Amino acid sequence: MSNDVVIIGGGSSGLMARALLRGKSITIERGGEVGRKLLLTGGGRCNLTHMGSPGELEKAFFEKKNFVRSALYSFPPDKIRDFFRKIGVDTYSDESGRVYPKTGGAVKVRDALLNEKGRIYLDSRCTSLEKRGDVFLIGTEKGTIESKYVIVASGGCSFPATGSDGSFFKILSSIGHDIIPRRPALSPIHLSDNRFGKLSGISISAVLSKGKIREEGELLFTRNGLSGPVAENFSRNLEGKDSFTLSFTDDPDSLTLDGNALVKNTLSIPGRLAEVLFPSLCGKKTSELGKKEKNAIRTTLSGMHLEGSSTWNGAMSSRGGVDVKEIDPKSMESKIVKGLYILGDALDVDAKCGGYSLTFAFSSAYLAAKDIFSKEWPEDSFLL
Ligand SMILES: Cc1cc2nc3c(=O)[nH]c(=O)nc-3n(C[C@H](O)[C@H](O)[C@H](O)COP(=O)(O)OP(=O)(O)OC[C@H]3O[C@@H](n4cnc5c(N)ncnc54)[C@H](O)[C@@H]3O)c2cc1C
């Protein structure tokens, strides 16, 4: 017997699609439990969305902002919060706009989604997918399931132990989709030169740039390189070992390098960082500096050239995945295979840190569920 809808992957987007389809779907999940990545979000606190208008939010999706627009307008943060409130998860937003559950963190979010209707087959990895006529044949380790619609919610490549290890992209490719090569995103930056290693734990406001790309925010030095929001948001731009610029000021001429104070106390950067950057100058008084030395300080602080790479180890997200040109942004339906919908991290969409990835996971699920609902059960009202 053919089922109405099969959801492949019981992660953030799959669980949302299942909840919105209200018992009209079957979810197949390769792991022994659902939502393993969801449980890690926000360090277990689950930053489930970000307040702001869809127009503000779309900027967090880099070059994919046009593609995500429909999803963000259809299921914006206030509607997401409203949905979670209705299923028992009250939320609050912090001063930066990040939204979290008031109590219970990620476990509460996962369990509330899980409490909604819809059969789930655990330990059921999907191993093949094909469409014959109007019917999808979904091969699993436990047998073949048939369905009229398929929602792919198999995730990206980061934190493979959560079940999203990128292996499903082969199957999506076999059914005709182009897969953009994956690279780590929202990851720490591993520096080729370890001169900052001893600064591990120090944070400072900084700018990272490469050509016209520029990210500004809090930087954290680590044993191997750079982390913190600015490094994480910037990491997606590094291709293999790549060059980029680190600066601590946009206006080097505003640095007053006159007077009797020690150089290290006049630079508006932590003293330990000054010692690493200017070991031979730090102990001098600024009045003792020559023109050449002052210029060297200004040049370093306003744009130091570094080489480094993003790493899968610690990456919270991935670039790459199904090419969004092959997806209808209004429904998340594939333009290659009708009746197939692709959500969340499985698409070539990534975002800044701050609750945006989950917002897209949920809003892409909303569009797919709504589209299927309107085709199959037009007389039923869609949202709870
Ligand atoms: C450490 C960490 C912290 C994060 N924190 C945040 C945060 O606070 N806020 C935020 O917005 N985002 C955060 N993210 C990102 C967010 O978790 C993801 O964007 C989101 O979970 C993507 O949802 P998804 O449904 O596309 O994929 P996933 O949640 O990864 O789900 C994919 C599911 O598909 C299953 N699957 C894969 N292949 C198969 C197969 N062949 N057969 C059956 N099942 C399969 C997997 O087992 C998995 O359960 C974080 C990510 C990480 C790693």
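We count ligands from 1, going down the list as the structure has it; atoms in each ligand are counted the same way. Sequence positions, counted from 1, serve as the residue numbers for this chain. Quick caveat, the model's predicted, so the values are computed rather than measured.
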- Message: Can you report which non-hydrogen protein atom sits closest to atom 31 (O) of ligand 1, along with the distance?
- Response: Gly11 CA, 3.2 Å
- Hey, does Ser317 sit under 4.0 Å from ligand 1 if you only count heavy atoms? no
- Task: Around atom 27 (O) of ligand 1, find the nearest protein heavy atom and jot down its residue, atom name and distance.
- Result: Gly155 CA, 3.3 Å
- Note: Ser187 and Ser310 closest approach over all heavy atoms is OG-CB, 3.3 Å
Would you mind writing out the side-chain donor-acceptor pairs for residues 257-265 within the sub-3.5 Å range, not counting sequence neighbours?
residue: Asp258; atom: OD1; partner: Lys294; partner atom: NZ; Å: 3.3
residue: Asn260; atom: OD1; partner: Ser287; partner atom: OG; Å: 3.4
residue: Lys264; atom: NZ; partner: Glu275; partner atom: OE2; Å: 2.6

- Task: Report yes if some heavy atom in the side chain of Leu21 is under 4.5 Å from a heavy atom in the side chain of Ile151; otherwise report no.
- Result: yes
- So for Tyr356 against ligand 1, with non-hydrogen atoms under 4.0 Å, the contacting part is backbone
- Query: Any N or O on Arg36 sitting closer than 3.5 Å to an N or O of ligand 1?
  - Reply: yes
- Message: Taking atom NZ as the centre, does Lys375 end up with more than 12 heavy-atom neighbours from other residues, nucleotides or ligands that are less than 6.0 angstrom away?
- Response: yes
- Query: Is there a nitrogen or oxygen of Cys126 sitting under 3.5 Å from a nitrogen or oxygen of ligand 1?
  - Reply: yes
- Task: Check whether any N or O atom of Ser164, backbone or side chain, sits under 3.5 Å from an N or O atom of ligand 1, and answer yes or no.
- Result: yes
- Message: Out of Arg98, Glu141, Arg30, Met16, who is nearest to atom 45 (C) of ligand 1 when you count heavy atoms only?
- Response: Arg30
- Task: State whether the number of non-hydrogen atoms from other residues, nucleotides or ligands found under 6.0 Å of Lys79 atom NZ is greater than 12.
- Result: yes
- So, do Lys148 and Asp134 sit near enough that their side-chain heavy atoms are less than 4.5 Å apart? no
- Item | Whether Tyr356 and Phe61 hold their rings parallel, tilted or perpendicular, with breakpoints at 30° and 60° | perpendicular
- With atom 37 (C) of ligand 1 as the reference point, say which of Ser128, Cys157, Gly163 has the nearest heavy atom. Gly163
- Do the two ring centres, one from Tyr366 and one from Phe382, sit under 6.0 Å apart? yes
- Message: Given Asp345, Leu186, Ile8, identify the one with the heavy atom nearest to atom 26 (O) of ligand 1.
- Response: Asp345
- Supply the atom-to-atom distance Ser235 OG to Arg183 CZ, rounded to the nearest 0.5 angstrom. 9.5 Å
- Query: Where on Thr162 is there a heavy atom closer than 4.0 Å to ligand 1, on the side chain, on the backbone, on both, or on neither?
  - Reply: backbone
- Item | Nearest-option assignment for atom 24 (P) of ligand 1, heavy atoms, candidates Gly344, Ala17, Ser13 | Ser13
- Which of Lys64, Lys65, Arg69 passes side-chain hydrogen bond (donor to acceptor under 3.5 Å, both in side chains) with Glu58? It is Arg69
- For ligand 1, is there an N or O atom under 3.5 Å from any N or O atom of Gly31? no
- Query: NZ of Lys291: more than 12 outside heavy atoms within 6.0 angstrom?
  - Reply: no
- Message: Would Gly42 count as a polar contact of ligand 1, with the cut-off being nitrogen or oxygen pairs under 3.5 Å?
- Response: yes
- Task: Please determine if Glu29 has a nitrogen or oxygen closer than 3.5 Å to a nitrogen or oxygen of ligand 1.
- Result: yes
- Closest to atom 14 (N) of ligand 1 (judged by heavy-atom distance), picking from Thr41, Leu39, Leu40, Asn47: Thr41
- Item | contact_flag Ile28 ligand 1 heavy-atom lt 4.0 Å | yes
- Closest to atom 32 (C) of ligand 1 among Ala346, Ala153, Gly9 (heavy-atom distance): Ala153
- Show which atoms of ligand 1 fall inside a sub-4.0 Å distance from at least one heavy-atom site of Leu358. 9 (N), 10 (C), 11 (O), 12 (N), 20 (C)
